[in-house]
Number of protein chains: 2
Amino acid sequence: MVSVASWNINSVRLRMPSVARFLEEQAPDVLCLQEIKCQEHQFPYDAFRALGYEHFAVHGQKGYHGVATVAKVPLREFSRHDWQANGEARHVGVELTDPAHQGMIIENVYVPAGGDEPDREINAKFGQKLDFLERMTRWADAVDRPTLILGDFNIAPLESDVWNHKQLLKVVSHTPLEVETLKRFMDAHGWTDLGRKHIPDPERYFSWWSYRSRDWRVNDRGRRLDHMWASPELAAKSIAHHVHEDCRSWEKPSDHVPLVTEFAL
Amino acid sequence: MVSVASWNINSVRLRMPSVARFLEEQAPDVLCLQEIKCQEHQFPYDAFRALGYEHFAVHGQKGYHGVATVAKVPLREFSRHDWQANGEARHVGVELTDPAHQGMIIENVYVPAGGDEPDREINAKFGQKLDFLERMTRWADAVDRPTLILGDFNIAPLESDVWNHKQLLKVVSHTPLEVETLKRFMDAHGWTDLGRKHIPDPERYFSWWSYRSRDWRVNDRGRRLDHMWASPELAAKSIAHHVHEDCRSWEKPSDHVPLVTEFAL
DNA sequence: GCGATACCTG
DNA sequence: CAGGTATCGC
């Protein structure tokens, strides 16, 4: 058995009290964080150690982005891609080294948000997002180990992944072009979308609610931007999946909530 | 009986919990704040009303400076000087209107800090500070009502007003030029320094400790920058004076602590 | 060190 | 709306 969590934390230093509460309450074996917004030397290692999480792979950066994978179980850093070679810290991969975990690979990814305008020509950030996915797709083609890829993909692919499909068709994160690009990434390896394996379409499933609405619960204008995808041999072993929506109501919340998947290894 | 407090609060909005605690514990009739760092429409009137302080004279400004006088007892705004006509909100005067208070005037002042270099020629801010005091001196010459002038004067005039006299002789706030200029202001009206009436020189008396020292208590590098001065007829009626040093140890403290004087009217 | 501001990003 | 950055002022 191994449980893996993913959470876009929007500053790990500011949010460490929430992270501690989550780890105390849910105790996943592995926690993958995105948008840690700090450099490696600023990462709160000691706070994690005090909670029993003593294994780390941190890919940090000053001010923006940054990902980290922390665990109660042994791991080794397996890869650290900079697919666009632009110095942005958007990926870290680990291998769980305990034999019980059968060499499971966990790829922690933070896909670029893509700016406001869904047009490659007039918005370079949108182009960067698509390019990032394309480079990840070429990489995924060669994945040959039991792999879980997860993180903030910044795309809500299904109609049921957003609070209003029609209204969001021209909003970055839900445009047909992004959805198709993400689909090609999925097909490149035959990933299984674990979220939708366990909470099937068209059931409501969101992982992010904007800070800009006064009360996120009132109109429930959420999107499913965070994902956990498994390679075929691993997908069959996922036995449970949880979306911790309550975290969105905690003090000083992240705009994302954590996802957790359990595997029977 | 009337008790009057003065406190450089360094952002009244951020510090409102401390202000509330102070008012609950000490309950002065009048509280004069400096460095409120907000505009009038941003002032937390309701929080004060909830504490029983329903009378206000607020002279605010965006981002910097700003003074406010709040009271449990009736007052009217008496004056609002901009002595240097530069738009900086550094003064508000009130008259206590209850007959029991005998028309007492309270002039709430925030003197410019004066920058780093104690030289009019190379540091305009130092010149501005001296000029401010000179203009206040000309004004004080004509004061003809029982007046309490108080606030952050940004000068520690006596040797015992600083943690190390010799070391601070060339540090803005304790230079001979500032001390002489402040002395001329004192003589222009014959003000009584109530702080030193009640806690006589050379007794230790500080009201400010820099944020920059790790633990303000360890080396106790304080200065007496805040003052309460009374015109002759009023000075005779001051019966007690307190420096609330403990506030410097509260959560998220101001770098100044409040002073309180009680008058037998 | 710790307020404020403005700007950038999500 | 809420993070980060930077600079300014005390």
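In what follows, chains carry the letters A, B, and so on, assigned in the order in which the sequence lines appear, proteins first and then strands, with residues in each chain numbered from 1. Quantities reported herein were computed from a predicted structural model and do not represent experimental measurements.
Distance, H65(A) NE2 to dT5(D) C1': 13 Å, rounded to whole Å. Rounded to a whole Å, the NZ atom of K37(B) is 4 Å from the C1' atom of dG3(C). For the pair Y64(A) OH and dG3(D) C1', the computed distance is 10 Å after rounding to whole Å. Whole-Å rounding puts the E251(A) CD to dA2(D) P distance at 11 Å. As rounded to whole Å, 15 Å separates atom P of dC10(D) from atom CG of D226(B). For R13(A) and dG3(D), the CZ to C1' distance is 11 Å, given to the nearest whole Å. If you measure from atom CD of E88(A) to atom C1' of dC8(C), you get 13 Å, rounded to the nearest angstrom. Rounding to whole angstrom units, CG of residue L225(A) and P of dG10(C) are separated by 13 Å.
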*Going through the distances and angles, do R120(B) and E134(B) end up as a salt bridge (charged side-chain N to carboxylate O under 4.0 Å, His left out)?*
CA-CA 14 Å; R120(B) 297 190 91 124; E134(B) 287 155 8; 3.5 Å; yes
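Of the residues in residues 123-135 of chain B, K125(B) come within less than 4.0 Å of DNA chain D through at least one heavy atom, sorted by number.
If you check every strand for non-hydrogen atoms under 4.0 Å, H256(B) touches nothing.
In the set dA2(D), dC10(D), dA4(C), dC10(D) carries the atom at the smallest distance from any side-chain atom of R90(B). Comparing dG10(C), dG3(D), dC2(C) by their closest approach to the side chain of S11(A) singles out dG3(D). When distances run from any side-chain atom of Y110(A) to the nucleotides dC10(D), dG10(C), dG3(D), the shortest one goes to dG10(C). Distance from the side chain of R212(A) is smallest for dC1(D) among the nucleotides dT5(D), dC1(D), dG3(C). Comparing dC10(D), dA4(C), dG3(D) against the side chain of R15(A) picks out dG3(D) as the nearest. When distances are taken from the side chain of L14(A) to each of dG3(D), dA2(D), dA6(C), the shortest belongs to dG3(D). Ranking dG10(C), dC10(D), dG3(C) by closeness to the E35(A) side chain, first place goes to dG10(C).
Between F206(B) and W209(B), the ring planes lie perpendicular to each other; the angle is over 60°, past the 30° to 60° tilted range.
The phosphate of dC1(D) has neither OP1 nor OP2 within less than 4.0 Å of any side-chain N or O from K252(A).
Ring centers of H174(A) and H165(A): under 6.0 Å apart, within the cut-off. Checked against a 6.0 Å centroid threshold, the rings of W229(B) and F185(B) count as neighbours.
Between R196(B) and D161(B) there is a salt bridge, since at least one side-chain N of the basic residue sits less than 4.0 Å from a carboxylate O of the acidic one. With salt bridges taken as basic N to acidic carboxylate O contacts below 4.0 Å, one links R80(A) and E40(A). Salt bridge present: R204(B) and E245(B) bring a charged side-chain N and a carboxylate O closer than 4.0 Å.
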